[in-house]
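Taking it in order: structure first as structure tokens, then the write-up.
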Number of protein chains: 2
Amino acid sequence: MRPLFHPALEDIRPEAILYALSDPERVAIFAKLATAGCGGTCSALADLGDRVIPKSSLSNHFKVLRESGLIRSERQGVEMRNQTRCAELDERFPGLIRSILVAYGQFPGQLETMSR
Amino acid sequence: MRPLFHPALEDIRPEAILYALSDPERVAIFAKLATAGCGGTCSALADLGDRVIPKSSLSNHFKVLRESGLIRSERQGVEMRNQTRCAELDERFPGLIRSILVAYGQFPGQLETMSR
DNA sequence: ATCAACAGTTCCGAATTTCTGAACTATGGA
DNA sequence: TCCATAGTTCAGAAATTCGGAACTGTTGAT
């Protein structure tokens, strides 16, 4: 398996963020990860209730989120742990992620990693 | 020519907004329109400095912006007048447009049509 | 009325991108 | 070693995007 690419904070591009979050499935995954109810594994994030996402599609969603700079993924044993980069992102793009999640009605209450 | 479709405020979808603004050319057009230095016509907005956008592509960009709910277009004689729907949009998606333009480094100083 | 010029739209084929089933890889446990 | 599990990669089909060429609608001139 190829090493996973994560852009440096300064290389994160707004168009990539917006593109990644222009897909409701990816937003749902990202929001779920932001609320962090689950452990952050792909399979735990796969269940969005409304449909079964094929695992190759799911893998691709994570790739898009990762390479846009929205999440970090790290292999832990047989699983993959994912976490958002909200705190960093809010530094670089103040208010952006928050207002997007709010627009989608997905803002997870008090998200302590993000300034208000 | 078919009548131009404009979604009602309540029908505007965040994914459409993000998709529309995930293209730097469209953002440049939208930002230029938001600053309103020009008259709002397509051809006036076409010149982004870096390249000549083919007019069919330009027309398509306006269509995407319009149908996502970001702008209103209205025929005025032989030309098309375009204006942003920033004020309405900010009501529906507070802070969203502003933070996107800021992220792109395109926030046009004091944009009076948008709350802060 | 006819014509030409102009602003923008529509059409349609080529190129690119997305989607997903199937095959594959990597890790851990029995 | 062999199997199960979690996720990635591959590859072909489907969908989307791009842009040149043709078209539409409006204005102004003759």
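Every chain is numbered from 1, with letters handed out A, B, ... down the list of sequences.
Distance, A/Lys55 NZ to C/dC19 C1': 16 Å, rounded to whole Å. Here C/dG8 presents its P atom at 8 Å from CG of B/Asn82, a figure rounded to the nearest Å. Between A/Met80 atom CE and C/dA26 atom C1' there is a gap of 11 Å when expressed in whole angstrom units. Spacing between atom CD of A/Glu67 and atom P of C/dT18 amounts to 12 Å, rounded to whole angstrom units. Rounded to whole Å, the distance from CD1 on B/Ile71 to P on C/dG8 is 11 Å. Nucleotide D/dT24 holds its C1' atom 13 Å from the CG atom of B/Leu4, rounded to whole Å. Protein atom OH of B/Tyr19 is 12 Å distant from nucleotide atom C1' of C/dT18, rounded to whole Å. In this entry the distance linking CG of A/Leu58 with C1' of D/dA6 reads 11 Å, nearest Å.
At distances below 3.5 Å, at least one donor-acceptor pair connects side-chain atoms of B/Arg75 with backbone N or O atoms of B/Gly77.
Counting any heavy atom pair closer than 4.0 Å across all strands shown, A/Arg26 reaches no nucleic acid atom.
Proximity of B/Arg75 to the phosphate of D/dT27: no side-chain N or O atom is located under 4.0 Å from OP1 or OP2. Contact annotation: A/Arg66 reaches the phosphate of D/dT8 (side-chain N/O to OP1 or OP2, under 4.0 Å). Taking only side-chain nitrogens and oxygens, A/Ser57 never comes nearer than 4.0 Å to OP1 or OP2 of C/dC19. Look at B/Arg81 and you won't find any side-chain N or O under 4.0 angstrom from OP1 or OP2 of C/dG8.
Picking from D/dG7, C/dT9, C/dT20 the nucleotide with the shortest atom distance to the side chain of B/Ser59 gives C/dT9. Comparing atom distances between the B/Pro54 side chain and each of C/dG21, D/dG19, C/dA7 picks out D/dG19 as nearest.
Clustering ILVMFWY residues whenever any of their side-chain heavy atoms sit less than 4.5 angstrom apart, transitively, puts A/Leu58 in a cluster other than the one holding A/Val64.
B/Pro94 and A/Ser99 make their closest contact through O-CB, 3.9 Å (heavy atoms, listed as atom of the first residue, atom of the second, distance).
With hydrogens and angles ignored, a donor-acceptor pair under 3.5 angstrom links the side chain of A/Ser56 to the base of C/dG21.
When the nearest nucleotides of DNA chain C are assigned to A/Asn60 and B/Phe62 by heavy-atom distance, the more 5′-ward of the two goes with B/Phe62.
For the pair A/Ile12/A/Leu89, a side-chain contact is recorded, criterion being any heavy-atom separation below 4.5 Å from C-beta on.
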Please table the atom pairs, donor to acceptor, closer than 3.5 Å between any side-chain atom in residues 19-26 of chain B and protein atoms at least two apart or in another chain.
unit_1  : atom_1 : unit_2  : atom_2 : d
B/Ser22 : OG     : B/Tyr19 : O      : 2.7
B/Asp23 : OD1    : B/Glu25 : N      : 2.7
B/Asp23 : OD1    : B/Arg26 : N      : 3.4
B/Glu25 : OE1    : B/Arg51 : NH2    : 3.2
B/Glu25 : OE1    : B/His61 : NE2    : 2.9
B/Glu25 : OE2    : B/Arg51 : NE     : 2.6
B/Glu25 : OE2    : B/Arg51 : NH2    : 2.8
B/Arg26 : NE     : B/Ala20 : O      : 2.8
B/Arg26 : NH1    : B/His61 : ND1    : 3.3

